[in-house]
Amino acid sequence: MLRIFFIALVSLPLLALEIPKKMDVDTGFTKPNAKHIELIIAEMMKRNGIKLNYRTLPNLRSLKSANSGISDAEAARILTINKLFPNLVPVPESIYQLEIVAVSKNKNLNIKKLEDLKPLRVGVIKGMKIAEMQVSAIKPKQYITANSAKLLMGMLEKGR
């Protein structure tokens, strides 16, 4: 199981230890998970007297928004995401856990480890960086990305 973390972009006021009055926080998660994460972050902000502006964006756009300073933070990413997005500063407190799973129409397929995906066509949600990194590292037979889990499932159903 992967631990997912709240990742914050440190802006100049935050570096000066000034507590912001309002924070714009983005997430690449979709409903219902995005709502669950929003409730957790909203409570954190409320306890610290910070008004929250929470947006759900496509995965990659959400990361780029926080990394470039358009938003103040990115919600629920892996601790090491700052290796790809260096302006994100990890807040090492787990708020969410997630399992990465392999889904197939082949009932006889036996996946025990990532390397078992190598001879297969593998689809990943675009912007889900941990899955993208791990799958690209094993170099599967074919590597496909889609904008959502729903689109990936549709592609699987159609044999694509």
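Just so you know, these numbers come straight off a predicted model, no measurement behind them.
Across all non-hydrogen atoms, the minimal contact from Lys105 to Gly159 is NZ-N, 4.5 Å. Asn110 and Asp116 get closest at one heavy-atom pair: O-OD2, 3.9 Å. The minimum heavy-atom distance linking Arg77 with Ser62 is given by the pair NH2-CB, 4.3 Å. Annotation for Met155 and Ile144: closest pair CE-CG2, 3.3 Å, computed over non-hydrogen atoms.
In this structure the side chain of Lys21 never reaches within 4.5 angstrom of the side chain of Ile50, judged on heavy atoms. Taking the side chain as every heavy atom from C-beta outward, Lys141 and Lys118 never approach each other to under 4.5 Å. Considering only heavy atoms from C-beta on, Pro140 stays 4.5 Å or farther from Arg121 through its side chain. The shortest distance between side-chain heavy atoms of Gln134 and Val124 does not fall below 4.5 Å. You'll find the side chain of Ile81 stays beyond 4.5 Å of the side chain of Lys83, heavy atoms only. A heavy-atom distance below 4.5 Å is found between the side chains of Val25 and Leu52. Lys51 places none of its side-chain heavy atoms less than 4.5 Å from the side chain of Met45. Using a 4.5 Å cut-off on side-chain heavy atoms (C-beta onward), Thr80 and Ile130 make no contact.
Note on Tyr143: it clusters hydrophobically with Leu109, by side-chain heavy-atom contacts below 4.5 Å among ILVMFWY residues. Each of Ile41 and Leu39 belongs to its own hydrophobic cluster when Ile, Leu, Val, Met, Phe, Trp and Tyr are linked at side-chain heavy-atom distances under 4.5 angstrom. No continuous path of hydrophobic side-chain contacts links Leu156 to Leu151 [ILVMFWY only; heavy atoms under 4.5 Å].
Between the side chain of Ser65 and the backbone N or O of Arg61 there is no donor-acceptor pair closer than 3.5 Å. Here the side chain of Ser136 pairs a donor or acceptor atom with the backbone of Glu132 at under 3.5 angstrom.
Taken from CG in Asn67 to CG in Asn87, the straight-line distance is 4.5 Å, to the nearest 0.5 Å. Atom OG1 of Thr145 is separated from atom CG of Asn59 by 11.0 Å, given to the nearest 0.5 angstrom. To the nearest 0.5 Å, the span separating CE on Met128 from CE on Met133 amounts to 11.5 Å. A distance of 10.5 Å separates NZ of Lys113 from CD1 of Ile138, quoted to the nearest 0.5 Å. Rounded to the nearest 0.5 angstrom, Leu57 CG and Phe29 CZ are separated by 13.5 Å. In this structure, CD1 on Ile125 lies 13.5 Å from CG on Leu60, to the nearest 0.5 angstrom.
Considering Asp26, Ile37, Asp24 in turn, Ile37 is the only one that fulfils the side-chain contact (heavy atoms from CB on, under 4.5 Å) rule with Tyr54.
Between the side chains of Thr27 and Thr56, no donor-acceptor pair is found at a separation under 3.5 Å.
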Problem - Stepwise side chain to side chain contact (heavy atoms under 4.5 Å, CB included) test for Asn53 and Lys22 - result: CA-CA 7 Å; Asn53 179 33; Lys22 177 181 157 244; 4.1 Å; yes

Practice task
Please step through side chain to side chain contact (heavy atoms under 4.5 Å, CB included) for the pair Glu43 and Lys46, ending with a clear verdict.
Solution key: CA-CA 5 Å; Glu43 183 61 26; Lys46 179 180 157 190; 4.0 Å; yes

